[in-house]
Number of protein chains: 2
Amino acid sequence: MCELLGMSANVPTDICFSFTGFLHRGGGTGPHRDGWGIAFYEEGGYREFRDPHPSVHSPIARLITDYPIKSNIVISHIRQANVGQVRLANTHPFVREMWGSPWCYAHNGQLEGWQGLPLGFYRPVGDTDSEHAFCWLLGELRRCFPERPENDALRQGLWRLLHQLCERLRGLGVFNLLLADGDYLYTFCSTKLAHITRRAPFGRASLSDAELTVNFAEHTTTHDIVSVIATEPLTDNEAWERMCPGELLVWRDGMIEARFGRRQA
Amino acid sequence: MCELLGMSANVPTDICFSFTGFLHRGGGTGPHRDGWGIAFYEEGGYREFRDPHPSVHSPIARLITDYPIKSNIVISHIRQANVGQVRLANTHPFVREMWGSPWCYAHNGQLEGWQGLPLGFYRPVGDTDSEHAFCWLLGELRRCFPERPENDALRQGLWRLLHQLCERLRGLGVFNLLLADGDYLYTFCSTKLAHITRRAPFGRASLSDAELTVNFAEHTTTHDIVSVIATEPLTDNEAWERMCPGELLVWRDGMIEARFGRRQA
């Protein structure tokens with residue numbers, strides 16, 4: 001299995017603190033030694049860093065923890081290979097352009113019968129179930145929405161379709177997902193995803209995986225809203241909320257803008 | 001104007017030496033302060049590093065010079081903005097997936113009337129003439145070749161079409177190009193591109209832009225063939241060959257596999 005880390009914020013925010021804990025799981029406190037990657041959306045642009053080596057020994061990962069890249073949406077992944085060998089082409093996150101936006105995708109889980117998912121315009125570069133599922137998913141979205149949905153009703157339709165496609169993939173095995181398009185971050189839970197939203201009054205947080213505490217009050221303004229989503233909670237002194245299986249959350253500016261498939265309590 | 005740097009090699013080779021000279025032009029010995037990027041093809045995979053800041057001050061660029069990434073094809077670009085503001089989305093190289101391969105593109109020059117080039121499936125994320133031309137070019141290739149050309153005759157047809165499309169872009173202004181698909185590196189000259197092929201017996205080379213000399217004999221085997229292509233020669237003690245305007249070279253494993261549009265001497 002792999003681990004996922006995502007962020008949605010209403011101001012450009014660096015993820016150095018969370019990433020420091022997360023990357024320790026890549027061959028340090030966790031078994032995820034088969035590569036890692038991180039993608040940043042900044043001012044409408046996109047960049048990513050990927051390495052097929054364990055994050056805990058990676059000089060590129062060290063650069064990311066030391067060089068604060070301020071971003072509104074981040075997606076990161078550390079890999080423990082199941083389908084597809086350990087190589088760069090199989091390293092998440094994956095990205096494709098749709099409607100003039102870079103769509104970024106990372107998956108935790110394993111699928112059965114994924115080879116049967118029909119592909120259209122988007123084709124995998126590597127040989128993982130994850131990238132195949134991404135190409136299928138994006139192809140299906142684009143088949144139904146050839147152009148970018150430009151109003152609320154169309155966007156709701158897009159998100160409902162995304163939820164249906166995620167549910168179909170969940171039917172093939174384990175499918176925990178982080179997906180983003182630069183405006184929205186989408187998180188879908190199949191078995192394990194937790195989230196926390198930090199806003200004023202900000203407090204202290206301590207990492208579970210490394211000796212590090214931060215006082216967010218020193219790094220934020222009262223208007224900041226920053227949400228972090230991860231396979232497992234990254235801090236041990238805060239209350240993280242766990243997502244329900246089958247639930248899709250649509251995040252914008254650090255807040256949940258829409259929910260689909262929430263189990264009734 | 002911007003500057004281009006490319007490499008094609010028959011063994012995974014690091015570009016640290018050439019990149020060290022090249023990045024000095026990004027705000028050091030040259031005026032190209034508006035961002036830089038570098039893309040590597042490794043074992044069928046692809047990764048890139050991009051930064052909208054001057055390469056000479058960039059910690060990411062410093063990492064690239066210190067951390068040898070071994071690759072068969074490299075494309076790098078340093079930018080002096082003309083069309084499109086200085087921001088990540090306008091920073092070369094650009095990449096799109098076609099036929100399951102990442103196609104990487106960097107452009108030096110400036111085009112007129114590029115807004116009229118019709119777009120199909122590929123759409124620009126930023127607002128440069130360069131990325132628009134890339135999306136048009138790739139869209140045209142894919143329109144004529146919906147599937148990957150799998151034999152020599154089809155590949156020759158693809159390359160002839162690529163040459164025609166490049167000539168059409170040259171008709172709109174200055175269009176020096178580096179393009180790659182993981183197997184081949186394509187270089188098209190509109191005004192300025194020079195190349196050098198290094199093979200046994202290897203000698204010494206001295207950078208023009210920095211105090212650095214390397215003895216390639218210490219870093220290579222007798223079978224290695226490594227070609228470097230750049231806007232301006234990067235060394236001052238070797239004989240670089242300049243490309244002709246209108247010429248397209250197709251590189252594979254460090255060697256020229258095909259030429260199109262060479263001016264008769």
Side-chain angles (χ1 to χ4, degrees), chain A residues 35 37 39-53 58-64 66-71 84-91 93-103 119-127 131-132 134-135 138-139 142 146-148 181-182, chain B residues 35 37 39-53 58-64 66-71 84-91 93-103 119-127 131-132 134-135 138-139 142 146-148 181-182:
Chain A
F40 299 91
Y41 287 89
E42 301 162 71
E43 306 166 348
Y46 172 87
R47 64 175 148 179
E48 64 186 22
F49 299 84
R50 290 184 299 128
D51 209 2
H53 309 297
S58 165
I60 304 174
R62 212 166 310 125
L63 175 81
I64 302 299
D66 295 344
Y67 179 57
I69 293 180
K70 293 196 180 269
S71 174
Q85 57 182 152
V86 178
R87 61 188 182 100
L88 186 60
N90 290 340
T91 307
F94 303 107
V95 65
R96 294 290 186 282
E97 172 258 311
M98 181 161 73
W99 310 319
S101 294
W103 284 68
L119 299 178
F121 201 91
Y122 299 103
R123 304 283 171 87
V125 174
D127 52 7
E131 191 188 10
H132 189 108
F134 174 43
C135 291
L138 218 56
R142 189 154 183 171
E147 299 295 329
R148 180 196 301 272
D181 61 9
Chain B
F40 299 90
Y41 287 90
E42 301 163 69
E43 305 166 347
Y46 172 88
R47 65 175 147 178
E48 64 186 22
F49 300 84
R50 290 184 299 127
D51 209 1
H53 308 297
S58 166
I60 304 173
R62 211 168 309 125
L63 175 82
I64 302 299
D66 295 343
Y67 179 56
I69 294 180
K70 292 195 182 271
S71 175
Q85 57 182 153
V86 177
R87 62 189 183 99
L88 187 59
N90 290 339
T91 306
F94 303 108
V95 65
R96 294 291 185 282
E97 173 258 312
M98 180 162 73
W99 311 319
S101 295
W103 284 68
L119 299 177
F121 201 90
Y122 298 104
R123 303 283 171 86
V125 174
D127 52 9
E131 192 188 13
H132 188 108
F134 174 43
C135 292
L138 218 57
R142 189 154 184 172
E147 298 294 330
R148 181 195 300 273
D181 60 10

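Proteins come first, then strands; the chains are lettered A, B, ... in the order of their sequence lines, and each starts at number 1.
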For A/F49, is it the side chain, the backbone, both, or neither that has a heavy atom closer than 4.5 Å to a heavy atom of chain B?
side chain
So which heavy atom on B/R87 is nearest to which on A/E43, and how close?
NH1-O, 3.2 Å
Spacing of B/M98 atom CE and A/F121 atom CZ [to the nearest 0.5 Å]
8.5 Å
Which one, B/P146, B/S101, B/G100, B/C135, leads in non-hydrogen pairs under 4.5 Å with chain A?
B/G100
Charged N to carboxylate O under 4.0 angstrom, A/R123 versus B/E147?
yes
Scanning both residues in full, the closest heavy-atom pair of B/Y67 with A/H53 reads OH-CD2, 3.9 Å
Below 4.5 Å from any heavy atom of chain A, which atoms of B/R50 appear? Answer side chain, backbone, both or neither.
both
Do you know which two heavy atoms are closest between B/P102 and A/V125, and how far apart they sit?
CD-CG1, 3.9 Å
B/L88 versus A/E42, closest heavy-atom pair with distance
CD2-OE2, 3.3 Å
Quick one: what part of B/P124 sits under 4.5 Å from any heavy atom of chain A, side chain, backbone, both or neither?
backbone
Side chain, backbone, both or neither: which part of B/I60 has an atom under 4.5 Å from a heavy atom of chain A?
both
So B/D51 and A/R47, do their side chains get closer than 4.5 Å, heavy atoms only?
yes
Atom group of A/E131 that falls short of 4.5 Å from chain B, counting heavy atoms:
neither
